[in-house]
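Take a look at the structure below.
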Amino acid sequence: MTATRSSSPVDTFDYVIVGAGSAGCALAYRLSASGRHRVLLLEAGADDRWIWLRIPTGIAKVMVGERALWRFTTESEPGLGNRPLFWPRGRVTGGTATVNGMFWVRGDPAEYDHWSELGNSGWSYAEVAPVFRRMERYAGGDAAVRGRDGPLAITEYGPRDPLTDAFLRACAEAGMAENPDYNGGHYLGAGLMQLSTRRGFRFGVREGYLYPALRRANLALRTGAHAMRVVFDGARAAGVEYRQGDATRIARAARETILCAGAVQSPQLLELSGIGAAARLRGLGIDVRHDLPGVGENLRDHLQARLMVEARGFRTLNTILPNPLARLRMGLRWLLLRDGLMSVPGATAHAYAKTLPGLRQPDIKLQLHHLTSPDERNPNKVVLDANDGFSIGVVQQQPASRGAIHIRSADPFAAPEIRANYLTAPEDIAAVVRGLELARRVTRQPAFAAHVVRELRPGADAVSAGDLEAYIRSTIFGSYHPVGTCRMGGDAGAVVDARLRVHGVPGLRVADASVFPTIPASNTNAAAILTGEKAADFILAEAAA
């Protein structure tokens with residue numbers, strides 16, 4: 001239901017930030033650090049201390065409910081047999097960083113250099129690497145490259161269990177050498193997963209950035225605050241109108257308004273505010289503030305196909321979770337040592353590979369999961385096979401397919417229309433087929449010889465590229481990494497410039513994964529936090545000028 005406008009209580013801050021997610025928490029932390037600036041952080045969700053949001057394996061419980069999620073779905077996808085896909089986003093302090101897989105991946109140095117080559121000054125890997133370093137608190141790697149005292153605790157999965165060890169040895173046997181630190185500036189190869197955890201608990205942006213910042217008197221957090229539109233003084237963005245409970249309020253920004261609502265809701269909020277393609281907005285009865293046709297376009301996302309194997313000699317989640325005694329042992333290990341499978345969301349290692357000669361950078365990621373499922377597509381229930389098994393997830397790093405996100409109406413509480421256009425570019429399906437073939441090659445290496453019983457899915461009958469394509473299109477599912485819908489750049493299709501200022505709208509920035517020109521990493525959380533950090537650098541430098 002659309003909220004009615006009323007005489008709105010108004011208060012004023014220097015900076016108003018919409019969205020207490022990955023970028024928003026980092027931005028609020030940095031803007032409030034000096035004590036000189038009054039900062040308001042608006043979050044539509046609650047500051048929920050639910051235990052399953054803290055325990056890494058709790059992701060399985062979180063994902064099948066509504067308590068901490070926006071449960072978006074795409075439209076029917078032509079490239080996936082007209083299936084819609086589930087798109088969860090975090091509706092809680094910390095945003096999607098509080099409900100994600102916790103994998104800490106800075107990204108491919110070559111892709112950040114690509115951003116710079118596209119005209120985005122300040123975003124090359126040499127320029128973002130020091131920012132990543134100040135974000136991290138990690139005991140491993142080279143201290144000249146990896147941060148030791150940043151806000152975010154990062155840990156490496158351990159101890160190295162037999163399945164994880166076999167996977168890493170098999171990857172090396174298949175030509176993907178082990179990489180001791182994929183976040184150290186060298187991306188290729190296989191390695192143990194690095195995670196946003198501390199002492200076995202999730203440690204995301206709300207723990208590392210938001211909670212320490214809330215001790216400062218100059219930062220205010222308002223939860224249950226659903227942003228409805230940007231408000232203006234003439235042509236300048238001057239704050240945000242939002243709904244909190246039964247009241248409609250306005251938070252005014254004396255200096256800047258920054259949208260950190262994510263790749264789904266930042267473009268939605270721009271369009272609701274009259275910023276977007278003029279013809280589209282007029283067709284919905286929205287007054288046009290600024291004609292900016294790139295809003296909502298350039299959507300990219302990762303998909304994940306799974307090769308699933310029945311195995312012997314490994315105890316996996318297939319038989320641990322249904323067995324009360326095995327489940328108790330896993331829980332006791334976590335309680336006593338804070339490690340093992342309860343300290344991760346099911347994946348313990350991964351590998352980055354080039355599947356064609358001459359590629360500039362890895363095009364495929366393989367990811368080891370300690371489970372198999374006959375119904376990976378089900379967003380409402382976790383279903384496991386009866387026998388022990390493991391899966392190798394296949395993720396294409398840079399899909400060519402593009403989609404879009406646009407509002408359906410002027411109702412700020414209605415979900416937008418999401419059309420991802422998955423696998424509509426022929427090169428995408430070809431890359432995923434090559435990735436599945438690579439995953440098969442890994443399972444056939446000597447390290448797995450004594451352990452593989454049979455390939456469950458796609459199975460021995462799937463022999464040709466056409467067979468694999470049919471399997472992929474009917475079973476592949478989302479990795480939940482949408483980006484690009486408020487793309488940065490200097491061309492006519494860009495929404496923000498390289499300093500994240502909305503083109504043609506003074507006083508307004510966007511700082512979240514929506515600004516990414518491409519997908520910089522196999523997992524996008526670290527890059528989203530980086531964007532909040534970079535926004536803070538830009539804003540504070542301009543305020544001091």
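We're numbering straight along the sequence, starting at 1.
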Quiz item: So, Arg499 and Glu542, do they make that salt bridge, N to O below 4.0 Å?
Solution: yes

Any chance the side chains of [X] and [Y] put a donor and an acceptor closer than 3.5 Å?
X	Y	result
Trp87	Thr73	no
Glu297	His406	yes
Asp512	Ser514	yes

Practice problem: Taking the six-membered ring of Phe232 (Phe, Tyr or Trp), confirm whether the NZ or CZ of Arg289 is under 6.0 Å from its centre and within 45° of its axis. | Solution: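 Arg289 over Phe232 ring: yes.
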
Exercise. Mark yes or no: Arg91 above the aromatic ring of Trp70, with NZ or CZ under 6.0 Å from the six-membered ring centre and no more than 45 degrees from the axis.
Key: yes

For the backbone of [Y] and the side chain of [X], can you confirm whether one donor and one acceptor N or O come within less than 3.5 Å of each other?
X	Y	value
Gln194	Trp104	no
Arg71	Met63	yes
Glu256	Arg509	no
Asp108	Ala521	no
Asp11	Ala251	no

How about [X]: does its [atom1] atom have over 12 heavy atoms from other parts shown lying under 6.0 Å from it?
X	atom1	result
Asn82	CG	yes
Asp246	CG	no
Arg134	CZ	yes

Quiz item: So, for His350 and Tyr352, is the gap between ring centers shorter than 6.0 Å?
Solution: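 When the ring centroids of His350 and Tyr352 are compared, they turn out to be within the sub-6.0 Å range.
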
